[in-house]
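Bear in mind the structure is a predicted one, so any value in this text is a computation, not a measurement.
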Amino acid sequence: MGKIIRRALSILPAVLLQVLWAVLLLRWLAPWAGLIALGLSVLALIFVLYIITKRDEGTYKILWLLVILGFPLPGALLYLLFGDKRTTRPLKKRLEAVRLPEGFADETETALALLAGQDGRMAATFGYLHRLTGCPAYLNREAVYYPLGDTLFPAMLNAMRQARRYIFLEYFIVEPGAMWDAMAELLVQKAAEGVDVRMLYDDLGSLSTYTRANARALQKAGVRCVPFNPLRSIQGTLNYRDHRKMLIVDGEVAFSGGVNLADEYINRIAKHGHWKDIGLRLTGPAVQGYTRMFVQFWDAFGGEAVPSALVLPQAGEAGAPAGGPAGPAGEPADGPADGIVLSYFDSPLRPSAASNELYIELLAQATEYAWFFTPYLMPGDALQEAMVRAARRGVDVRIIMPGIPDKKLVFRMSRSFYPVLLDAGVKIYEYLPGFVHAKGCVIDGRVGTVGTVNLDYRSLFLHFENNSLFYGASLLNDLKADFLATQAQCCRMELGKNVRLGFWSWTLDGILRIFAPLC
């Protein structure tokens with residue numbers, strides 16, 4: 001709480017100055033009120049035309065149109081400060097200045113050639129995602145699925161204990177407790193052994209849970225610890241948060257999924273009933289995809305570049321170089337691949353939203369079923385329509401949502417999307433034991449994702465996220481089985497029964513839908 005108060009006090013002078021300036025303007029400019037009103041109307045019209053012609057989500061446009069038309073001057077200023085992607089320039093400049101070292105494993109050509117022989121349409125989707133994000137595809141050697149943070153956490157600790165060269169962590173939320181204390185103790189121990197340990201955490205995501213004093217204590221113990229996009233004052237980059245979650249050890253094993261570094265994620269404490277989350281562990285050359293993502297962010301925001309010699313695969317190690325020579329049909333010489341994996345990150349700095357476009361693509365190709373885990377359901381217009389079209393052509397579209405919300409207003413906003421989806425035939429289930437924080441999907445048993453991406457506007461368009469897209473991997477069987485096991489503990493939502501259709505519900509849903517992009 002003290003950290004929040006200090007940050008609020010640091011912003012307060014800027015807010016008071018803006019209020020004072022507005023009051024002075026009103027007193028001095030009162031005689032020209034008519035001209036000012038005309039000028040503001042012209043300004044509002046210009047902004048309306050600018051927003052309408054932008055390539056952006058319709059709901060997001062409507063929100064800003066209402067704000068600007070209702071309050072021209074403050075609305076325009078708010079849009080320039082928080083609504084326009086031009087405010088990403090400071091972050092974009094730093095990321096574009098990074099030059100990744102050459103020598104990371106990259107099996108994109110081999111993987112896409114193998115996929116093209118099995119499914120040409122899906123190969124085009126993987127190729128598009130690779131070109132959009134710059135992230136490579138790999139032949140999957142081993143991917144382990146974890147149906148709970150409770151089982152993921154011990155595997156993470158075990159991998160960290162075996163670190164010889166480096167441990168990289170990047171998380172949205174870090175909070176002292178049983179989980180983080182055990183990890184921090186191990187990180188300090190490994191740093192004392194000479195292991196290079198680095199951690200990025202989101203400053204706003206950990207605002208109330210992890211202080212600069214906590215970070216300094218780690219740094220004194222030899223762990224490099226850096227906050228992403230520190231909240232020091234009102235700034236245009238405030239909205240763009242690092243929601244990524246990854247742990248990479250020696251370039252040999254990587255963990256990701258929905259689990260942050262706090263006790264509720266492993267059910268050591270119960271904040272919102274039973275916490276349902278999922279995660280994964282990758283081994284082999286595909287781990288280099290996560291190493292690349294971390295190194296790019298660290299080199300941009302960590303204050304110093306990661307030494308190339310530390311992270312590039314060494315001769316004789318998995319992933320050095322490009323996974324070794326290919327065998328028959330493009331398979332690796334050391335045995336058949338367990339499908340294909342492409343691990344990528346979303347970025348608000350790009351003109352196209354990678355995960356949003358990916359899910360639209362996958363829904364368009366689904367023929368039997370498309371099942372999703374998500375804690376929040378506030379999709380953009382295009383993704384919602386993709387779900388509707390898939391359901392109407394006979395695809396079994398299912399979504400598992402929380403039964404106990406972590407944020408009641410956001411949960412109510414999510415429910416405002418239920419009627420349209422249910423009416424089209426989409427099946428929605430709420431998890432009765434507690435909160436679903438899992439983010440993943442499985443489609444037709446052949447393709448799916450596990451990562452950090454929620455089906456809401458912030459996650460799809462405003463946050464940095466990471467996701468692993470699999471094709472033909474055995475991990476998808478485990479994901480499907482877990483989905484069905486979780487669904488058995490859910491209540492199905494139905495129109496006219498537990499989803500209201502009255503006038504007041506319809507009115508409230510309409511209002512909430514307008515403001516959904518803010519949540």
Side-chain angles (χ1 to χ4, degrees), residues 100-143 251 254 256 280 282-293 295-296 312-313 318-347 350-367 370 440-451 453 465-477 479:
L100 285 170
E102 296 182 2
F104 280 116
D106 186 341
E107 299 178 336
T108 302
E109 185 175 350
T110 301
L112 293 186
L114 181 62
L115 181 53
Q118 303 174 26
D119 188 333
R121 180 66 180 85
M122 191 61 69
T125 298
F126 270 71
Y128 171 67
L129 187 63
H130 164 64
R131 292 189 298 275
L132 175 61
T133 64
C135 297
Y138 297 89
L139 303 176
N140 180 47
R141 269 55 169 206
E142 183 186 25
S256 189
L280 62 82
L282 284 177
T283 57
V287 174
Q288 293 298 306
Y290 275 96
T291 307
R292 284 168 50 104
M293 285 191 276
V295 168
Q296 185 175 2
L312 292 181
E331 292 182 347
D334 56 355
D338 180 20
I340 293 164
V341 58
L342 196 165
S343 298
Y344 67 95
F345 73 96
D346 285 284
S347 170
R350 301 189 190 112
S352 297
S355 290
N356 188 62
E357 297 200 8
L358 172 64
Y359 289 139
I360 292 170
E361 274 276 297
L362 296 181
L363 283 161
Q365 296 173 61
T367 58
C441 73
V442 58
I443 296 175
D444 293 345
R446 60 194 176 101
V447 65
T449 63
V450 176
V453 182
E465 306 278 357
N466 66 269
N467 215 7
S468 287
L469 172 65
F470 292 90
Y471 180 89
S474 57
L475 171 142
L476 298 173
N477 297 327
L479 174 54

(request) Determine, step by step, whether Arg141 and Glu107 satisfy the salt bridge (Lys or Arg N to Asp or Glu O under 4.0 Å) criterion, reporting the C-alpha distance in whole Å, the side-chain angles of both residues, the deciding distance to 0.1 Å, and the verdict. (result) CA-CA 12 Å; Arg141 269 55 169 206; Glu107 299 178 336; 2.9 Å; yes

Side chain to side chain donor-acceptor pair (under 3.5 Å) against [X], all qualifying residues, sequence neighbours excluded:
| X | value |
| --- | --- |
| Ser355 | Tyr344, Asp346 |
| Ser468 | Tyr290, Ser343 |
| Arg292 | none |

(message) Quick one, Val450 and Leu475 - any side-chain contact, counting heavy atoms below 4.5 Å?
(response) yes

(message) Between Ile340 and Phe470, is there a side-chain heavy-atom distance shorter than 4.5 Å?
(response) no

For [X] and [Y], work out which heavy atoms get closest and say how close.
| X | Y | value |
| --- | --- | --- |
| Gly251 | Thr291 | CA-OG1, 4.1 Å |
| Thr108 | Ala137 | OG1-N, 3.0 Å |
| Ala354 | Thr133 | CB-CG2, 3.9 Å |
| Ala105 | Pro136 | O-CG, 4.4 Å |
| Asn466 | Ser256 | ND2-OG, 2.7 Å |
| Ala111 | Leu139 | CA-CD2, 3.8 Å |

Interatomic distance, [X] atom [atom1] to [Y] atom [atom2] [nearest 0.5 angstrom]:
| X | Y | atom1 | atom2 | value |
| --- | --- | --- | --- | --- |
| Tyr471 | Asp119 | OH | CG | 4.0 Å |
| Phe345 | Gln296 | CZ | CD | 4.0 Å |
| Leu358 | Leu363 | CG | CG | 9.5 Å |

(request) Return the set of residues passing side chain to side chain contact (heavy atoms under 4.5 Å, CB included) with Ser474 (not counting sequence neighbours), or none when no residue passes. (result) Asp338, Asn477

(request) Kindly write out the residues that satisfy side chain to side chain contact (heavy atoms under 4.5 Å, CB included) with Gln365, not counting sequence neighbours, or none if the list is empty. (result) Arg121, Met122, Thr125, Glu361, Arg446

(message) According to salt bridge (charged side-chain N to carboxylate O under 4.0 Å, His left out), who are the partners of Glu109, at least two apart in sequence or on a separate chain?
(response) none

(message) If we ignore hydrogens and angles and just use 3.5 Å, is the side chain of Thr449 paired with the main-chain N or O of Leu469 as donor and acceptor?
(response) no

(message) Given 3.5 Å as the limit, does a donor-acceptor pair link the side chain of Asp444 with the main chain of Thr367, or not?
(response) yes

(message) One pair to check against side-chain contact (heavy atoms from CB on, under 4.5 Å): Leu282 and Tyr138. What are the steps and the verdict?
(response) CA-CA 11 Å; Leu282 284 177; Tyr138 297 89; over 6 Å; no

